[in-house]
Engineer: 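Quick one: the structure is below, and I'll ask about it shortly.
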Amino acid sequence: MASQYFQEMQESFKSNSKSREFPAHTAKVHSVAWSCDGRRLASGSFDKTASVFVLEKDRLVKENNYRGHSDSVDQLCWHPTNPDLFVTASGDKTIRIWDVRTTKCIATVNTKGENINICWSPDGQTIAVGNKDDVVTFIDAKTHRSKAEEQFKFEVNEISWNNDNDMFFLTNGNGCINILSYPELKPIQSINAHPSNCICIKFDPTGKYFATGSADALVSLWDVEELVCVRCFSRLDWPVRTLSFSHDGRMLASASEDHFIDIAEVETGEKLWEVQCDSPTFTVAWHPKRPLLAYACDDKEGKYDSNREAGTVKLFGLPNDS
């Protein structure tokens, strides 16, 4: 018997199943993220820039393009409680903090390697950045100086604090989730989560679960307190690249090279909806207050199609009559 929530969300998506794309960049988009108040969406691209849009009703209106990096912007994230600040990680061995009020870069922090992963601690005080050499650097968000640095002996993929800010999680190339105490950075546990490369990790907003996505095409859901796997989602056929929990923690979107985004009900694992895509999806992000999903796909067939903008961001969950 489908839950009431399941039925309500299916009804909602039946009348709000439209996706719309918005030009964002001149090359493919690697990362999309919403500000904490949901007013703005930022995107980072292979074209070395970040873009910020304002959400107006059911449209994204481009506000600014942020230039300064000399290499691809691989990941970005917003300050957890300040809706005006976001940070970008680039292959140019820097991270940059930007303020949407002045549209300026307020800090450039040099790092030791080509940066691929970034996250902001829930208390807003620290930014962690991971590079291609498996070094994670912890940067003080106020002084912009490095507080700590850890070199790992395995391939580090995605990094994240737990919601309580007292543990730091990494997914690695051996299929494990490594958990460190924070701020001491002492190893607490290593969990064998998947038989192959463990790629991405996300915590749900309620703090009850986290999810990991792997090269084995599985998404696994974990109980934060018990650190046990509660269930797996197995509808994708390709390595899971990106995950996002909805604002209420009750839906999980996951995507890969499959030409759809899977939306599951967290408590049952059932498929709530699937969003059709023309090409592989790099990044997904639920809006922090409503069932609206931002995402970005690869250019169709990898070739630049003049009828279709390269580097678009898309919104799913728009009214069918919009």
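Heavy atoms only: backbone and side chains are in, while hydrogens, waters and symmetry mates are out. Counting from 1, the numbers follow the sequence of the chain as shown.
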Engineer: Applying salt bridge (Lys or Arg N to Asp or Glu O under 4.0 Å) to Arg59 and Glu56, what does each step give before you reach the verdict?
Structural biologist: CA-CA 5 Å; Arg59 300 178 60 81; Glu56 290 182 5; over 6 Å; no
Engineer: Excluding sequence neighbours, so at least two apart, what forms side chain to side chain donor-acceptor pair (under 3.5 Å) with Asn172?
Structural biologist: Asn178
Engineer: What do the steps show when you test Asp58 against Arg290 for salt bridge (Lys or Arg N to Asp or Glu O under 4.0 Å), and what is the final call?
Structural biologist: CA-CA 12 Å; Asp58 295 319; Arg290 50 186 276 215; 3.0 Å; yes
Engineer: In terms of side-chain geometry, is the basic nitrogen of Lys142 or Asp140 positioned less than 4.0 Å from the acidic oxygen of its partner?
Structural biologist: no
Engineer: Output, in order, the C-alpha distance, side-chain angles, deciding distance and verdict of side-chain contact (heavy atoms from CB on, under 4.5 Å) for Phe152 and Leu170.
Structural biologist: CA-CA 10 Å; Phe152 293 93; Leu170 334 105; 3.8 Å; yes
Engineer: Not counting sequence neighbours, which residues clear side chain to side chain contact (heavy atoms under 4.5 Å, CB included) with Val109? List them please.
Structural biologist: Ile95, Ile139, His144
Engineer: To the nearest 0.5 Å, what is the distance between NZ on Lys18 and CG on Asn16?
Structural biologist: 11.0 Å
Engineer: Show your reasoning for whether salt bridge (Lys or Arg N to Asp or Glu O under 4.0 Å) applies to Glu158 and Lys202.
Structural biologist: CA-CA 9 Å; Glu158 212 161 55; Lys202 277 290 179 298; 3.8 Å; yes
Engineer: Check step by step if ring-ring contact (aromatic ring centres under 6.0 Å, His included) holds for Phe86 and Tyr66.
Structural biologist: CA-CA 11 Å; Phe86 70 99; Tyr66 293 79; 5.2 Å; yes
Engineer: Check side chain to side chain contact (heavy atoms under 4.5 Å, CB included) between His247 and all other residues, then give those that pass, not counting sequence neighbours.
Structural biologist: none
Engineer: Looking at the rings of Phe245 and Trp286, which for Trp means the six-membered one, are their centres under 6.0 Å apart?
Structural biologist: no
Engineer: Linking I/L/V/M/F/W/Y whenever any side-chain heavy atoms sit under 4.5 Å apart, do Leu243 and Trp161 land together?
Structural biologist: no
Engineer: Atom CD1 in Ile106, atom CD1 in Ile97: separation rounded to 0.5 Å?
Structural biologist: 5.5 Å
Engineer: Any Lys/Arg nitrogen of Asp71 or Lys132 sitting under 4.0 Å from an Asp/Glu carboxylate oxygen of the other?
Structural biologist: no
Engineer: A side-chain contact here means heavy atoms from C-beta on lying under 4.5 Å apart; do Asp223 and Phe210 qualify?
Structural biologist: no
Engineer: Show, in sequence, the C-alpha distance, side-chain angles and deciding distance for Phe13 and Phe316, and conclude whether the ring-ring contact (aromatic ring centres under 6.0 Å, His included) test is met.
Structural biologist: CA-CA 9 Å; Phe13 288 142; Phe316 161 77; 5.2 Å; yes
Engineer: With a 4.5 Å limit on heavy-atom distance, are the side chains of Phe203 and Asn162 in contact?
Structural biologist: yes
Engineer: Is there a side-chain contact between His194 and Thr212 (heavy atoms, below 4.5 Å)?
Structural biologist: yes
Engineer: Suppose we screen for side chain to side chain contact (heavy atoms under 4.5 Å, CB included). Which residues come up paired with Pro239, at least two apart in sequence or across chains?
Structural biologist: Ile199, Ala215
Engineer: Are the ring centres of Phe168 and Phe138 closer than 6.0 Å?
Structural biologist: yes
Engineer: Does a side-chain heavy-atom distance below 4.5 Å link Arg241 with Cys200?
Structural biologist: no
Engineer: Contact between His79 and Cys36 at the side-chain level, heavy atoms closer than 4.5 Å - yes or no?
Structural biologist: no
Engineer: Can you pull the side-chain hydrogen bond (donor to acceptor under 3.5 Å, both in side chains) pairs that have at least one residue in residues 102-112, sequence neighbours excluded?
Structural biologist: Thr111-Asn115, Lys112-Glu149
Engineer: Please tabulate, for the side chains in residues 224-233, all donor-acceptor contacts under 3.5 angstrom to protein atoms that are two or more places apart in sequence or on a different chain.
Structural biologist:
| from | atom 1 | to | atom 2 | distance (Å) |
| --- | --- | --- | --- | --- |
| Arg231 | NH1 | Val266 | O | 2.8 |
| Arg231 | NH1 | Glu267 | O | 3.4 |
| Arg231 | NH2 | Glu267 | O | 3.1 |

Engineer: Distance check, rounded to the nearest 0.5 Å: Trp78 atom CH2 versus Asp37 atom CG?
Structural biologist: 8.0 Å
Engineer: Drop me the distance from Leu60's CG to Phe53's CZ, to the nearest 0.5 angstrom.
Structural biologist: 6.0 Å
